[in-house]
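A short worksheet on the structure shown next.
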2 protein chains.
Amino acid sequence: MSPTILKLGGSVITEKDRAETLDGEALDAAADAIAENFQFSAGNQNAPRSGDIADALKRGDVSGLVVVHGGGSFGHHHASEAGVTTTDGSADAGDAIAIHGAMKTLNQFVLSRLHDRGVPALPVHPLSAGSRDADGGLDLPMNQTATMLNEGFVPVLHGDVIATEGEGVTVLSGDEIVTTAAEHLSADRVGLCSTVPGVLDTEDEVIPEITAFDDAADALGGSDADADVTGGMAAKVRELLDLGAPASVFGPDDIGAFLAGENPGTTIRSDD
Amino acid sequence: MSPTILKLGGSVITEKDRAETLDGEALDAAADAIAENFQFSAGNQNAPRSGDIADALKRGDVSGLVVVHGGGSFGHHHASEAGVTTTDGSADAGDAIAIHGAMKTLNQFVLSRLHDRGVPALPVHPLSAGSRDADGGLDLPMNQTATMLNEGFVPVLHGDVIATEGEGVTVLSGDEIVTTAAEHLSADRVGLCSTVPGVLDTEDEVIPEITAFDDAADALGGSDADADVTGGMAAKVRELLDLGAPASVFGPDDIGAFLAGENPGTTIRSDD
């Protein structure tokens, strides 16, 4: 078995139009779905032991659930005030702390709701773990996350700022964390929960499966221009086709179905 | 130039006998000494640019200050309640969060006092970054810390819990962070501020320099048995002799002198 990665979009768990406002009901529902549908191996006594977690990952000996959440009205508000994006940074520690602190507050809400339901969640703050080089290349070590999984914990990562050569700190989006984690952890399945029920066609119907960009090019406008800081749907579909694991794009009502092994919303998998 | 590492002992900045109690005056004095004596290059416009931070470290092209603080009455209280040590872990997320949360609270105090004085401090939480394998071997990636330094920030690390294969989480002491960071960052100088003014001889006088364990064997009792969870002075001296950088052991009044380039207290450097 390999890990499952579940991304909770920032717009799902926060009120995106009001600064630092949680959507408590939506977060409760997401936490319920996680607690009810995922089998946790408390203490993970049966986890295979190995001297090298990287080898265990390659053998598919690490399973479990990784949660990644976006920034919503917590991160985006402060990032936009400070003018910090994924490429334009700030060398001001105050800017970095404002964005990072807001994201930690949101992360604390997510952790609390999971703990309330017996989910053994532990935080992984990307600012503490990763960095970018001068070309924007991301270095996000993942052995801590893999070791947490192997010990039966549920690592919870989030969009954040990270130190970036020549820029101070820049934004690291939840989506970039998902693609990086999926690769490093050899993820089995990736689920992206956003406010839409899937990738929609020109009639606003959910496209059940996308195996090549052309399948959805009309609906996606044939362009991968970014719609917002975390990337528009077209860019997202291109990234997910390159992922090496099947990805599902679905709405909040389908978190449980995804974790139970179904393929709700749109499944994106490359034929290559 | 290579980085300087300053460790603030937990017993310096907290009231060690009262759970989760800050020694605010001592922390203020430490923050004053840091702000007054260390030259920060805000934004670090002159930092050498390189595509690979690891290479920059090797060339000695990364300078700046790394602060590491211990747990004092924040971490130790919860670790001792949960029975978690550097080798005996807990698979309970509640235990992990209790210790980690207390350490984050202390870290937040340290960051705030530094920010109040214009020091561009950023947190690095070890739980988010590192892990141990089944043999207790520590994997603590440091590129995030190096990139922060190169961008003119002051990374602030702390004793914490970290995921440990077969143990859930175990304690990572501030001292272990110091030795690991000194190696990874090719540190120039290491300063350890504790409640004693240095390594004391049998007459309770500070030994100015130790270049071999035998120099201090009598005073240290000739044994390296650990006195507490973070290791006794004898074990500390042995570790510091292996460090590859000169280390100073001094009391709270000497932080400024150390940062100004002096060698207060006891200087420990191997002749090898």
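So you know, we letter chains A, B, ... as the sequences are listed, proteins then strands, and number each from 1. Please read these numbers as outputs of a predicted model, since none were measured by experiment.
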Of all of Asp92(B), Leu122(B), Ile162(B), which one pairs up most often with chain A through heavy atoms under 4.5 Å apart?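 Maximum pair count with chain A is reached by Leu122(B).
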With respect to chain A, which residue among Thr145(B), Asn143(B), Leu111(B), Leu140(B) yields the maximal number of heavy-atom pairs within a distance under 4.5 Å?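 So the answer, after comparing Thr145(B), Asn143(B), Leu111(B), Leu140(B), is Asn143(B).
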Give, for atom CG of Leu172(A) and atom CD1 of Ile177(A), the distance between the pair rounded to the nearest 0.5 Å.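 That separation rounds to 4.0 Å.
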If I take atom CG from residue Asp61(A) and atom OG from residue Ser186(A), how far apart are they, to the nearest 0.5 angstrom?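 So the gap between those two atoms works out to 11.0 Å.
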With salt bridge (charged side-chain N to carboxylate O under 4.0 Å, His left out) as the test, would you mind laying out the steps for Asp175(B) and Lys7(B) before giving the verdict? CA-CA 8 Å; Asp175(B) 285 339; Lys7(B) 158 103 192 285; 2.8 Å; yes
Considering only heavy atoms, which portion of His125(B) lies under 4.5 Å from any heavy atom of chain A: side chain, backbone, both, or neither?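 Both parts, backbone and side chain.
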Would you mind checking which part of Ser90(B) comes under 4.5 Å of any heavy atom in chain A, side chain (CB onward), backbone (N, CA, C, O), both or neither?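 Only the backbone of Ser90(B) comes within 4.5 Å of chain A.
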Relative to chain B, which segment of Ala146(A) carries a heavy atom at a distance below 4.5 Å: side chain, backbone, both, or neither?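 Neither part; nothing is under 4.5 Å.
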What part of Pro141(A) gets closer than 4.5 Å to chain B, counting heavy atoms only: side chain, backbone, both or neither?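 Side chain of Pro141(A) only, per the 4.5 Å heavy-atom cut-off to chain B.
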Side chains of Thr21(B) and Thr14(B): closer than 4.5 Å at any heavy-atom pair?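 No; the side chains remain at least 4.5 Å from each other.
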Whether Asp28(B) and Arg117(B) form a salt bridge (side-chain N of Lys/Arg under 4.0 Å from carboxylate O of Asp/Glu) is what I want to check.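 Here Arg117(B) pairs with Asp28(B) in a salt bridge, since their nearest N and O are under 4.0 Å apart.
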